[in-house]
Engineer: 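Dropping a structure here in structure tokens format, bear with me for questions.
Numbers restart at 1 for each chain; the letters A, B, ... are given by sequence-line order, proteins then strands.
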Protein chains: 2
Amino acid sequence: MQDDVATLRRFNLAWSQRTGVLEHSFLGLGRPLAASRLLLEVGSSPDGASVLDLRTRLGLDSGYLSRLLRRLEREGLVLTEPDPADQRRRVASLTEDGRRELREIDRRSDALASSLLMPLTESQRARLAEALRTAELLVRAATLEIGEHPHDDPRVLAAVGRYVDEVADRFSDLDGGFNSPGALVDPGGRYLLALSDGVVVGVGGIRPTPMPDGSVAAEVKRMWVDPSWRGSGLGRRLLEALEQLAASDGHPAVVLDTNRVLGEALSLYTRTGYVEVPRYNDNPHADAWFRKALSPAAG
Amino acid sequence: MQDDVATLRRFNLAWSQRTGVLEHSFLGLGRPLAASRLLLEVGSSPDGASVLDLRTRLGLDSGYLSRLLRRLEREGLVLTEPDPADQRRRVASLTEDGRRELREIDRRSDALASSLLMPLTESQRARLAEALRTAELLVRAATLEIGEHPHDDPRVLAAVGRYVDEVADRFSDLDGGFNSPGALVDPGGRYLLALSDGVVVGVGGIRPTPMPDGSVAAEVKRMWVDPSWRGSGLGRRLLEALEQLAASDGHPAVVLDTNRVLGEALSLYTRTGYVEVPRYNDNPHADAWFRKALSPAAG
DNA sequence: CCATTTATCTGACTAAGGTCAGAGATATGC
DNA sequence: GCATATCTCTGACCTTAGTCAGATAAATGG
């Protein structure tokens, strides 16, 4: 661990010395860094962003943000108009000049990144890119936020939708039951989202389910991990968080069904203490059923 | 290449968002960032640093630097005294309090790096550290400076010394000829250093050498790459730079001797166009001799 | 309809970061 | 020994970054 800390710090020093330039190149366009960042943020959503939105995303004081916006307006790069739905709010969007400016910033950042890669051979570049991909995934994994969200949160619905799309791809005979949006999430269930920089990269839910013996257990449903996040241990963390949720609801056990085609999932369950049990439901796409008892103290 | 540029930029964004905090934690000690950086820089050399030195290393305006130093002096963290060798100059060094403060900054940086690694499993941490090591090596390789330095530059002598130590380890019967410092570098030779952040990570030289056929060729001598830099392509780049140097001196060819024990070196030579030739000197530790003709236009 | 809350903006203020023009002292070249 | 260059410092000045206290206008709850 101490070695890893030293490695991280050494890397960070070397990296920031070389890419600090990259950040400051925004200043090369004769604009303070904060203004450039704001321009980027306004441009990140195609239909503009509300001032409130920008404030939370950039973490700026409202007075400061207001002045920065005035500056970009004076430069003719953004346009702010009242929000028709709520006249107190204002939405900022890029002008044509603003979009051009954004492309220029993008071009410069690309050029700088290119100049850093240029001295390397093809195979070195590939090794570097691979290392950076790995490092990014793991650093994101380390700063992931797993939290509960209401069943009707649009992000929950969207994530479950992606889960269903994937399942539908694997079991092509499956379509009927999933076509109505209401069937995707259970209003009686509780859902967790894994967010990385505000982007949903994983979802999972539990819902109370009657067992053949008359008891009620928490059933894990709709567990999905973004393809680019597989192998990062996120599935395991989601599962553990769901188990905690179930325990805090007083459930004696967690159950789930799966299909043996999904090898990774199967091995996750057995590795984390699940034991195979007889069929407890009539899901036609399942061919394996698991159960894990929860310690009553937990939660 | 375009993909690699995008990967680099994505990584940089994710990384700087998470470690910007790390930088700003210096502010946590109630001191502006510039003052903390100055403190670090003063502390980096045990005997203190001249104001001139600090100015070039940090790239600061002399007036600004002066004020920052006064501030640290007021806080009792550094002490500046006139340089006995040149009374115009002043050298800044840490006080006992300054060293304590530096340790505190170090401790905090460690704690922050730890907190980033904490959520990861042991194996994830190891993977991340490995990726960061690779990325650091390659990024350093991309920003390496290879340049000529006088044969009596102390850094050249030190680097050649390390080369000799290593050779002496491999050929234990070798000691006599190398013991006098003067024998290590040839005043008639030209030497290249590879510098990463000012640290020597490789060396190589050429010197005119008479060939059996009466012509004179440039002989590559004292080529050495820091162990942590092997596999980064540095050897090849040094060799190419030496060839350019030889060509600019008007030499028709580059020659070198080596020993078959040094497999990596051997394969570098054959890969880059060297062909084996008969013995051209009486080096008792060599058992292979190579030659590469230079195109007269080059240089 | 009125009190309260919400969203944005303006004005006043502060610290940080940095530049520029000399002043003053010391070293160096001739 | 004198002109010139070098090194550090102070004073004046500027922009950037950010905070805080209201003012204003629109929405919301009752």
Side-chain angles (χ1 to χ4, degrees), chain A residues 16 20-21 23-42 45 48-75 77-93 105, chain B residues 16-17 20-21 23-42 48-75 77-93 105:
Chain A
S16 59
V21 193
E23 276 268 299
H24 284 71
S25 74
F26 293 154
L27 288 166
L29 290 163
R31 194 171 300 114
L33 193 55
S36 292
R37 270 204 279 255
L38 176 55
L39 192 65
L40 255 65
E41 203 60 45
V42 172
S45 32
S50 77
V51 175
L52 188 64
D53 224 37
L54 294 169
R55 209 163 63 212
T56 56
R57 276 195 272 169
L58 292 167
L60 296 176
D61 172 83
S62 68
Y64 186 30
L65 176 58
S66 185
R67 254 178 288 270
L68 286 173
L69 275 172
R70 289 303 82 71
R71 180 189 177 126
L72 292 178
E73 265 183 332
R74 262 203 319 282
E75 291 187 62
L77 303 178
V78 309
L79 198 75
T80 66
E81 302 163 296
D83 183 342
D86 183 341
Q87 296 273 84
R88 291 172 304 182
R89 275 189 214 152
R90 315 200 74 203
V91 284
S93 55
I105 289 177
Chain B
S16 59
Q17 277 172 353
V21 192
E23 277 268 298
H24 283 72
S25 75
F26 292 153
L27 288 165
L29 291 163
R31 194 173 299 114
L33 192 55
S36 292
R37 271 203 279 254
L38 176 55
L39 193 65
L40 254 65
E41 203 61 45
V42 172
S50 77
V51 175
L52 188 64
D53 223 37
L54 294 169
R55 210 163 61 213
T56 56
R57 276 195 272 169
L58 293 167
L60 296 176
D61 172 84
S62 68
Y64 186 31
L65 175 58
S66 186
R67 252 179 289 269
L68 286 172
L69 274 173
R70 288 304 81 71
R71 181 189 175 123
L72 293 178
E73 264 183 334
R74 260 202 322 280
E75 290 187 63
L77 303 178
V78 309
L79 198 75
T80 65
E81 303 163 295
D83 183 342
D86 182 341
Q87 296 272 82
R88 291 171 304 180
R89 274 189 214 152
R90 315 200 72 202
V91 284
S93 55
I105 289 178

Engineer: Quick check for you: to the nearest 0.5 Å, what is the distance between Arg90(B) atom CZ and Leu79(B) atom CG?
Structural biologist: 9.0 Å

Engineer: How would you list, by chain and number, every residue that makes a side-chain contact (heavy atoms from CB on, under 4.5 Å) with Leu52(A), sequence neighbours excluded?
Structural biologist: Ser50(A), Arg55(A)

Engineer: Counting only side-chain nitrogens and oxygens, does Arg70(B) get under 4.0 Å of the OP1 or OP2 atom of dC9(D)?
Structural biologist: yes

Engineer: Could you run down nucleotides 20-30 of chain C 5' to 3' and tag each one B, S or - for protein heavy-atom contact under 4.0 Å?
Structural biologist: B-----BS---

Engineer: Scan residues 52-60 of chain A against DNA chain D and write down, sorted by residue number, each residue with any heavy atom closer than 4.0 Å; if none is found, say none.
Structural biologist: none

Engineer: When you look at Leu69(B) and Leu38(B), which way does the side-chain contact (heavy atoms from CB on, under 4.5 Å) test go after all the steps?
Structural biologist: CA-CA 8 Å; Leu69(B) 274 173; Leu38(B) 176 55; 4.0 Å; yes

Engineer: Leu68(A) CG to dT15(D) P: how many Å, rounded?
Structural biologist: 15 Å

Engineer: Please state how far atom CD in Glu81(A) lies from atom C1' in dA7(C), giving the value in whole angstrom units.
Structural biologist: 17 Å

Engineer: Tell me: CG of Leu69(A) to P of dT10(C), nearest whole Å?
Structural biologist: 11 Å

Engineer: Applying side-chain contact (heavy atoms from CB on, under 4.5 Å), run through Asp83(A) and Gln87(A) and close with a yes or a no.
Structural biologist: CA-CA 5 Å; Asp83(A) 183 342; Gln87(A) 296 273 84; over 6 Å; no

Engineer: Can you name the closest pair of heavy atoms from Val42(B) and Ala92(B) and give their distance?
Structural biologist: CG1-O, 3.8 Å

Engineer: Grab the two heavy atoms, one from Val78(B) and one from Glu73(B), that are nearest each other, plus how far apart they are.
Structural biologist: O-CG, 3.5 Å

Engineer: What residues, two or more places apart in sequence or in another chain, satisfy side-chain contact (heavy atoms from CB on, under 4.5 Å) together with Glu75(A)?
Structural biologist: Arg31(A), Arg71(A), Leu72(A), Leu77(A)

Engineer: Among dT16(D), dC9(D), dC9(C), which nucleotide has an atom closest to any side-chain atom of Ser66(B)?
Structural biologist: dC9(D)

Engineer: Taking atom C1' of dT16(D) as reference, at what distance in whole Å does atom CG of Leu65(A) sit?
Structural biologist: 15 Å

Engineer: Whether Arg71(A) contacts dT16(D) is assessed here as follows: a side-chain N or O lying under 4.0 Å from the phosphate OP1 or OP2. Is that the case?
Structural biologist: yes

Engineer: Just jot down the side-chain hydrogen bond (donor to acceptor under 3.5 Å, both in side chains) partners of Ser66(A), sequence neighbours excluded, or say none.
Structural biologist: Arg70(A)

Engineer: Ser45(A): what forms a side-chain contact (heavy atoms from CB on, under 4.5 Å) with it, not counting sequence neighbours?
Structural biologist: Ala49(A), Arg57(A)

Engineer: Round to a whole Å and report the spacing from CG of Leu38(B) to P of dT8(D).
Structural biologist: 13 Å

